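Read the numbers this way: they start at 1 and go in the same order the structure lists the ligands and their atoms. Sequential numbering from 1 along the given sequence is applied to the chain's residues. Values in this document were obtained by computation on a predicted structure and should not be read as measured data.
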Amino acid sequence: MKPQAVKGTHDVLPDEQPLWRHLLAAVELELSRAGARRLTTPVFEYSEVFDKSVGDSADLVVQKEMYSFEDRGGRQLTLRPEFTAGVLRAFIEHGMHTLPRPVKLWSAGPLFRAENVQRGRYRQFHQINLEIVGLPQALADAEAVQLLYRVLHRSGLRRHHVRLGSVGDPQDRAAYNAYLREQLAPKVEALSETSRRRLELNPMRVLDSKADQDQALLVGLKRPIDFLGEGARAHLDEVRGYLDAWGVPYEIDPAIVRGLDYYRRTAFEVHFEGIGAQSALGGGGRYDGLIERLGGPPLPGVGWAVGIERVFDALAQEGVAPVDEDRPALFLVPLDEPAVLEVTRLAIALRDHVRVEHSYQPRNPGKGLKEADRSGAAFAGLRGGSEREQGVLQVKHLASGEQAPVAEGELLRYLLERR
Ligand code: AMP
């Protein structure tokens, strides 16, 4: 049997690397211009970091999805299932609360969740993550949404759209959860198994269910936005005011919820139609209280994460397909045995300036030129006995067929002038 990658994981092949570079360059440009700095944290943390951030009432689903293990020193470790907890652990550990606020940190890399695998849902996947720490004002929430929208726009997406909502303050949330429990308790038998569990632990999450049987029971029921207290409602209105003033398009989604119970007030998602049932490219919200829960100072924060694989899917739907422009400038062909060493030395010297490849054994001119063609090089440089005598290479422009002898010392200038 052929060896295989673990189910739910995938290789990023060389042909796919230009897309990665393209997206990360867009992200870095957009976020660094807004004052965000990149933070790279380890892919695993003490399990405690995630356990604390997940909290008691959080979904069992979240707990179950974590890849946790004991290492040889008996330490309980977890492969990160999300960025926020690790980023905030680093924020606290390195005393970043003394920095001017807000502190904006972005990250990108792999995450691990033991999920049911389907289109857009993998066990190792990648996210881009942004945290804006230290500001309680709605301006920070609005900026987070604006940056999420802009990052995707900068990458080439046009048809993505933002859904904005609010899960309210803790008391609003508690009131809504109580309401849902009361409404759904008599119909609990008709709920899906997951929703039944959610109804016990975090009733709001029932709204997230994709099962028709659950959605049928929710028809006519109130949404979290109907339970907002004065503070949360005013906060949402302020966020909207900024987004309207900046011309960031969004729609209000009264039913938006976030999986983890540390979220409060602003919650948002960005969607793209046409990438299957999992249409969310990303989401985020405000998480006042989380830093304290992780052992840090009582600082508020707001952040988001975007799934890189889903963005790639969406970019493909929009016809954005970056390719590698970096073709070899020159492909060297040794025509006899002594030329093998000569072309390798030349290649090593020229690589200070341009990309150069070569055959690894003597070739006849026909076969050598074919090889040069396949490499995608602009020029082929042939070297045999007569070229050696004259201190030149026969240089052929592969597209036009034009050919000329070029002195070794002139080669670089020749290539650069004709690029
Ligand atoms: P979350 O961290 O669950 O809020 O997810 C944020 C975004 O990450 C989602 O909107 C997806 O784009 C992406 N995402 C989450 N889970 C997965 C997964 N298992 N496989 C691929 N992408 C995912």
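No more than 12 heavy atoms of other residues, nucleotides or ligands lie within 6.0 Å of CD in E230, so this atom counts as exposed by the packing criterion. Remark: E193 CD is loosely packed, at most 12 non-hydrogen atoms of other residues, nucleotides or ligands lying under 6.0 Å away. Atom CG of D15 has 12 or fewer heavy atoms from other residues, nucleotides or ligands within 6.0 Å.
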Check: After noting the C-alpha distance and the side-chain angles of E82 and R113, does the key distance pass the salt bridge (Lys or Arg N to Asp or Glu O under 4.0 Å) rule?
Finding: CA-CA 9 Å; E82 53 125 13; R113 295 183 194 172; over 6 Å; no

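Residue A280 has at least one N or O atom closer than 3.5 Å to an N or O atom of ligand 1. The shortest N/O to N/O separation between G282 and ligand 1 falls below 3.5 Å.
Neither the backbone nor the side chain of R123 has a heavy atom within less than 4.0 Å of ligand 1. With a heavy-atom cut-off of 4.0 Å, F125 touches ligand 1 through its side chain alone. Within the 4.0 Å heavy-atom criterion, the part of L281 lying near ligand 1 is the backbone and not the side chain.
Among all protein heavy atoms, the one lying closest to atom 3 (O) of ligand 1 is R113 NH1, 2.9 Å. Protein heavy atom nearest atom 4 (O) of ligand 1, with residue, atom name and distance: R258 NH2, 3.0 Å. In this structure, the protein non-hydrogen atom closest to atom 21 (C) of ligand 1 is G120 O, 3.2 Å.
Counting heavy atoms from C-beta on, the side chains of R159 and E318 come closer than 4.5 Å.
Judged by the 6.0 Å and 45° rule, R181 forms no cation-pi pair with Y179.
Heavy-atom proximity to G307, at under 4.0 Å, picks out these atoms of ligand 1: 7 (C), 8 (O), 12 (O), 13 (C). Residue-ligand proximity, E115 to ligand 1, at heavy-atom distances under 4.0 Å covers atoms 16 (N), 17 (C), 18 (C), 19 (N). Those atoms of ligand 1 that come under 4.0 Å of a heavy atom in Y122, given as number and element, are 18 (C), 19 (N), 20 (N), 21 (C).
Residue contacts with ligand 1 do not include E309, since none of its heavy atoms lies under 4.0 Å from the ligand. Under a 4.0 Å heavy-atom criterion, R121 is in contact with ligand 1.
Side-chain polar atoms of Q213 and S192 form no donor-acceptor pair below 3.5 angstrom.
The residue from Q118, Q124, Q127 that puts a heavy atom closest to atom 7 (C) of ligand 1 is Q127.
Note: H160 and H153 have tilted aromatic rings, judged against thresholds of 30 and 60 degrees for the angle between ring planes. The aromatic rings of H397 and F379 sit tilted relative to each other, their planes meeting at an angle between 30° and 60°.
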